[in-house]
Amino acid sequence: MSIFALKCIALYLMVLDHIGLYFYGILPDSLTVILRILGRASYPLFLFCMAQGYRHTSSRKKYLLRLYLGSLFMTGFALFVDSRFPTDGFGYGFHNIFLSMFLVGVLISTIEAFSKSKKKGLIMAGCIFALQLFYSIAPGLFPILRNYKGDTLTGIIPNLALNEYGFLFIILGITMYFLEDRKETLAIVYLLFCIAQFSDERLNGDGFPLQWFMVLALPFILRYNGKRGKSYKYFFYFFYPAHTFLLFYLANFVWK
């Protein structure tokens with residue numbers, strides 16, 4: 001499968017997942033659970049596509065800039081939607097895979113820089129630490145930021161610990177990058193990651209464990225053939241906020 005094919009599968013599964021998210025309480029509970037289970041494979045597929053795209057992009061700086069601008073847009077868009085379309089539930093929610101992918105790219109570049117030049121790698125690592133420090137002190141320096149939640153603040157000042165699915169999935173994206181040509185190793189690492197997700201949800205969760213069903217993405221990942229396929233990259237940037245808003249609006253202002 002090409003990257004384009006994997007992205008299309010991830011896109012389809014993402015829509016199913018968000019239908020289950022927004023239409024919870026409207027659709028039958030059993031159907032909602034099925035949709036959420038299928039949707040667990042979406043984010044890992046997008047992570048894998050990002051890792052491979054980052055390897056082959058002609059300009060990493062432009063790639064990272066697009067992701068960061070996407071993060072800023074999703075942050076502002078979420079604030080706009082929640083202010084203009086208030087609801088009694090959880091609202092529009094936090095959707096920002098651009099932020100997570102941006103962090104994956106930054107850390108990949110830092111690791112590779114360190115392997116070539118320890119000085120450059122340490123400087124980049126220092127900049128990342130400075131960014132994390134700035135995140136923690138920014139509300140004290142700029143009082144306006146005290147009005148925003150952590151999810152909003154991290155969309156502006158990227159935080160390694162506070163992003164969609166958390167830091168462990170950032171590590172997973174990095175692993176996907178460095179194990180691209182070692183599929184058997186990638187497969188066992190991925191399976192162990194899924195097992196750890198199951199264990200974590202059983203110990204710390206308060207419901208049916210869902211995230212470990214991300215294992216459903218593995219067969220698709222292993223079928224990657226090294227080809228990019230068609231390129232509609234800006235379509236994916238547009239589709240992400242468009243479909244989440246449409247589903248949010250339908251669930252909260254049409255069906256209810």
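What's counted below: heavy atoms across the whole structure, side chains too, no hydrogens, waters or symmetry copies.
Atom CG of D181 sits in a crowded spot, with more than 12 heavy atoms from other residues, nucleotides or ligands closer than 6.0 Å. The number of heavy atoms from other shown groups lying within 6.0 Å of CZ (R182) does not exceed 12. Within a 6.0 Å radius of CZ in F238, other residues, nucleotides and ligands contribute 12 heavy atoms or fewer.
Although no hydrogens or angles enter the test, the distance criterion places no donor-acceptor pair under 3.5 Å between the side chain of K227 and the main chain of S2. Checked by atom type and distance alone, the side chain of T110 never pairs as donor or acceptor with a backbone atom of G121 at under 3.5 Å. Looking only at distances, no side-chain donor or acceptor of K62 sits under 3.5 Å from a matching main-chain atom of T57. A donor-acceptor contact shorter than 3.5 Å is absent between the side chain of S199 and the backbone of I195. Formation of a donor-acceptor pair under 3.5 Å by the E201 side chain with backbone atoms of Q211 is found in this model.
In the model, T154 has no side-chain atom that pairs as donor or acceptor with a side-chain atom of Y135 under 3.5 Å.
Here the side chains of R40 and L216 are not in contact, with every heavy-atom distance at 4.5 Å or above. Between Y240 and M74 the shortest side-chain heavy-atom distance falls below 4.5 Å. F98 places none of its side-chain heavy atoms less than 4.5 Å from the side chain of L69. Side chains of P241 and F73 form a contact here, defined as non-hydrogen atoms less than 4.5 Å apart. Counting heavy atoms from C-beta on, the side chains of F48 and L186 come closer than 4.5 Å. Under the 4.5 Å side-chain criterion, counting only non-hydrogen atoms from C-beta, L47 is not in contact with M214. Here the side chains of L21 and L247 are not in contact, with every heavy-atom distance at 4.5 Å or above. Looking only at side-chain heavy atoms (C-beta outward), L13 and D17 stay at 4.5 Å or farther from each other.
With values rounded to the nearest 0.5 angstrom, M50 atom CE is found 6.0 Å from L67 atom CG. A distance of 11.5 Å separates SG in C8 from CG in L45, rounded to the nearest 0.5 Å. Between the OG1 atom of T175 and the CD1 atom of I108 there is a distance of 9.5 Å, given to the nearest 0.5 Å. Here OH of Y190 is found 4.5 Å from CD1 of I221. Values are rounded to the nearest 0.5 Å. Here CZ of F102 is found 11.0 Å from CG of N96. Values are rounded to the nearest 0.5 Å. Atom CG of L160 and atom CD1 of I170 lie 7.5 Å apart (nearest 0.5 Å).
Taking the six-membered ring for Trp and thresholds of 30 and 60 degrees, F239 and F235 have ring planes inclined between 30 and 60 degrees apart. Using a 30° and 60° split on the angle between ring planes, F169 and F193 fall in the perpendicular class, above 60°. The aromatic rings of Y22 and H95 lie tilted to each other, with the angle between the two planes from 30° to 60°. Under the 30°/60° scheme for interplanar angles, the aromatic rings of F248 and F253 are found to stand perpendicular.
Partners of Y177 under the side-chain hydrogen bond (donor to acceptor under 3.5 Å, both in side chains) rule, at least two apart in sequence or in another chain, are R60, E112.
In plain terms, the two heavy atoms of E180 and H56 that are nearest each other are OE2-NE2, 4.0 Å. Considering every non-hydrogen atom in both R36 and L210, the closest pair reads CB-CD1, 4.0 Å. Across all their heavy atoms, L6 and F220 have their closest contact at CD2-O, 3.5 Å. Heavy atoms only, all atoms of each residue included: L107 and F167 are closest at CD1-CE1, 4.1 Å. Pairing each heavy atom of P158 with each of L103, the nearest pair is CB-CD2, 3.8 Å. Closest heavy-atom contact between S71 and L99: OG-CB, 3.6 Å.
Y63 and Y54 have their aromatic ring centers within a separation under 6.0 angstrom.
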Using distance only, find each side-chain donor-acceptor pair of residues 140-151 under 3.5 Å and give its atom names and separation, not counting sequence neighbours.
| from | atom 1 | to | atom 2 | distance (Å) |
| --- | --- | --- | --- | --- |
| R146 | NE | P139 | O | 2.9 |
| N147 | ND2 | I144 | O | 3.4 |

Could you check K119 against I123 for side chain to side chain contact (heavy atoms under 4.5 Å, CB included), going step by step and ending with a plain yes or no?
-> CA-CA 6 Å; K119 181 179 179 180; I123 290 174; 4.1 Å; yes
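No continuous path of ILVMFWY side-chain contacts below 4.5 Å connects F114 to M124, so the two sit in separate hydrophobic clusters.
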